[in-house]
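Heads up: the structure comes next, in structure tokens.
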Amino acid sequence: MLKVENLEKDFNKNKVLKGVNLELREGEITVIVGPSGGGKTTLLRCISGLTTPDNGSIIIGDKYLYRNGKAASKKTEIEIRKNIGLVFQNFNLFPHMSVLENIAEAPRVVLGIQREEAEKRAKEILGFLGLSDKEKNYPFELSGGQKQRVAIGRALAMEPKLICFDEPTSALDPGLSGEVANLIKKLSLEKSMTVLIITHDMTFATQVADRILSMDKGVLKKEHMYMDKNPAVLIN
Ligand SMILES: Nc1ncnc2c1ncn2[C@@H]1O[C@H](COP(=O)(O)OP(=O)(O)OP(=O)(O)O)[C@@H](O)[C@H]1O
Ligand SMILES: [Mg+2]
């Protein structure tokens, strides 16, 4: 589904990614943990197009987004990017839009879907997220966990094949991490999504992951910690 090969990134001579290799299989939930400043967010930003790598390759499906540091054409990039969703740490919801509008906006503007159809799909997503009763509310009227679910809904509305999360539980009460873990597992089980998560929260990591990788000083460790559990079992 996603392959990263020898990815490198410097910020003013500070080597942040030192040849990162990563492979994600379809439907798998991969978690990356590791010390602050290790390059985790930079890796996620390179994969989701917010940061340009200096060298290396990123392959989504069978298409190169970067090949040995050279970017694909704009047209190919846009085509590939539609398959990748990103949920930010601070949610980044549009404050002046209702929950329903937050979710329906990108499909209308980016994919050109008609308002009626986009809102119909947004309502389905809200149902899936257990937020049907909040569609008319504004972000300031929601709890942290509800905002997090709207942010996930916004990414889901684009129907990505790969969804990336940067610290999805950092703004939430510890008790809510199980809820987010269940929701993410539901995405992988019911929507066959491939999921990449960055977190500092080891409890959450072990709740949600099919495998956990660790990243330190710009290097993704080769040893993989595979979780010995049945992914179909949700946590209470
Ligand atoms: N836009 C930028 N300009 C300059 N330096 C940057 C930039 N973004 C990140 N860095 C540097 O790159 C290094 C890695 O940062 P990154 O955010 O990828 O780490 P991280 O592993 O996500 O850390 P954390 O766990 O604290 O979120 C840090 O030393 C950071 O200061
Ligand atoms: Mg980070």
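Note that these values count all heavy atoms, side chains included, but never hydrogens, waters or copies made by symmetry. The shown structure was predicted, so the numbers you read here are calculated from the model rather than taken from an experiment.
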Item checked: Common cluster, L111/I84, ILVMFWY with side-chain heavy-atom separation under 4.5 Å -> no
Next item on the list: Could you walk me through whether L17 and L220 pass side chain to side chain contact (heavy atoms under 4.5 Å, CB included), step by step?
Entry: CA-CA 9 Å; L17 300 181; L220 200 53; over 6 Å; no
Next item on the list: Decide yes or no for K82 and P160: does some side-chain heavy atom of the first lie under 4.5 Å from some side-chain heavy atom of the second?
Entry: no
Note to self: Using the side-chain hydrogen bond (donor to acceptor under 3.5 Å, both in side chains) criterion, which residues pair with N137? Sequence neighbours excluded.
What the structure shows: E141
Next item on the list: Test salt bridge (Lys or Arg N to Asp or Glu O under 4.0 Å) on R149 and E179 and set out the steps.
Entry: CA-CA 10 Å; R149 278 183 278 157; E179 206 176 287; 3.8 Å; yes
Item checked: Gap between atom CD of E28 and atom CG of D210 - 0.5 Å precision -> 5.5 Å
Item checked: Cluster overlap L196 with M158, hydrophobic side-chain contacts below 4.5 Å -> no
Checklist line | D201 side chain to T203 backbone, donor-acceptor under 3.5 Å | finding: yes
Item checked: D216 side chain reached by P35 side chain, heavy atoms, under 4.5 Å -> yes
Checklist line | Residue that, paired with L2, satisfies side chain to side chain contact (heavy atoms under 4.5 Å, CB included) out of L65, T194, T30, I58 | finding: I58
Checklist line | Side chains of L162 and M1 in contact at under 4.5 Å (non-hydrogen atoms) | finding: yes
Checklist line | Validation row: R45, T41 side chains within 4.5 angstrom (heavy atoms) | finding: yes
Checklist line | Approximate separation, where rounding is to 0.5 Å, of L126 CG and D133 CG | finding: 9.5 Å
Next item on the list: Assess whether atom CD of E26 is packed by more than 12 heavy atoms of other residues, nucleotides or ligands within 6.0 Å.
Entry: no
Notebook entry, point to check: Taking the six-membered ring of F128 as reference, does the NZ or CZ atom of K191 fall below 6.0 Å from its centre and within a 45° cone about the axis?
Noted result: yes
Check: What about Y138 and L131, same hydrophobic cluster or not, with Ile/Leu/Val/Met/Phe/Trp/Tyr joined at side-chain heavy-atom distances under 4.5 Å?
Finding: no
Check: Quick one: does N55's side chain get under 4.5 Å of L7's, heavy atoms only?
Finding: no
Item checked: Considering all heavy atoms, the nearest T76-Y64 contact -> CG2-O, 4.4 Å
Margin query: Using a 6.0 Å distance limit plus a 45 degree cone around the ring axis, check whether R154 lies over the aromatic ring of F94.
Written below: yes
Notebook entry, point to check: If you measure from CG on D62 to NZ on K3, what distance do you get to the nearest 0.5 Å?
Noted result: 12.0 Å
Item checked: K185 and E190: CA distance, side-chain angles, deciding distance, side chain to side chain contact (heavy atoms under 4.5 Å, CB included) verdict -> CA-CA 8 Å; K185 282 200 228 182; E190 293 176 16; over 6 Å; no
Next item on the list: First locate atom OG1 of T42, then atom NZ of K9, and finally report the distance between them rounded to the nearest 0.5 Å.
Entry: 8.5 Å
Next item on the list: Might you point out which heavy atoms bring N102 and M97 nearest each other, and give the distance in Å?
Entry: ND2-O, 3.1 Å
Checklist line | Reported CD1-to-OG distance for the pair I29 and S188, which is rounded to 0.5 angstrom | finding: 4.0 Å
Check: Checking salt bridge (Lys or Arg N to Asp or Glu O under 4.0 Å) for the pair R121/E124: CA distance, chi angles, key distance, verdict?
Finding: CA-CA 5 Å; R121 287 199 205 173; E124 281 167 19; over 6 Å; no
Item checked: same_hphob_cluster(L50, V4) at 4.5 Å side-chain heavy-atom cutoff -> yes
Next item on the list: Grab the two heavy atoms, one from I212 and one from M202, that are nearest each other, plus how far apart they are.
Entry: CD1-CE, 4.4 Å
Notebook entry, point to check: Looking at V87 and I152, what are the two nearest heavy atoms and their distance?
Noted result: CG2-CA, 4.1 Å
Margin query: In the structure I gave you, are the side-chain heavy atoms of I198 and E167 within less than 4.5 Å of one another anywhere?
Written below: yes
Notebook entry, point to check: With S36, which residues qualify under side-chain hydrogen bond (donor to acceptor under 3.5 Å, both in side chains), at least two apart?
Noted result: none
Notebook entry, point to check: When you measure from the side chain of Q148 to the backbone N and O of P168, does any donor-acceptor pair fall under 3.5 Å?
Noted result: yes
Next item on the list: Go through S98 and K136 one step at a time and tell me if the side chain to side chain contact (heavy atoms under 4.5 Å, CB included) criterion holds.
Entry: CA-CA 5 Å; S98 71; K136 293 197 172 64; 5.5 Å; no
Next item on the list: Test K123 against E135 for salt bridge (Lys or Arg N to Asp or Glu O under 4.0 Å), laying out the working first.
Entry: CA-CA 8 Å; K123 284 181 190 188; E135 66 171 63; 3.8 Å; yes
Margin query: Taking side-chain contact (heavy atoms from CB on, under 4.5 Å) as the definition, give me every residue that meets it alongside A71, ordered by chain and number, with sequence neighbours left out.
Written below: Y66
Notebook entry, point to check: Ion pair present between R115 and E119, side-chain N to carboxylate O less than 4.0 angstrom?
Noted result: yes
Next item on the list: Using a 4.5 Å cut-off on heavy atoms from C-beta on, say whether the side chain of K221 contacts that of M215.
Entry: no
Item checked: From CE (M193) to CD1 (I184), nearest 0.5 Å -> 11.5 Å
Next item on the list: Over all heavy atoms of both residues, which pair between T199 and A205 is shortest? Give the atoms and the distance, please.
Entry: CG2-CB, 4.0 Å
Check: Can a donor-acceptor pair be found between the side chains of S57 and R67 at a distance below 3.5 Å?
Finding: no
Note to self: In this structure, would I59 and L213 fall into the same cluster of hydrophobic residues linked by side-chain contacts under 4.5 Å?
What the structure shows: no
Next item on the list: Could you please spell out the steps behind the side chain to side chain contact (heavy atoms under 4.5 Å, CB included) verdict for V180 and F165?
Entry: CA-CA 11 Å; V180 179; F165 295 88; 6.0 Å; no
Check: If every non-hydrogen atom of P139 is compared with every non-hydrogen atom of P95, which pair is closest and at what distance?
Finding: CD-O, 3.8 Å
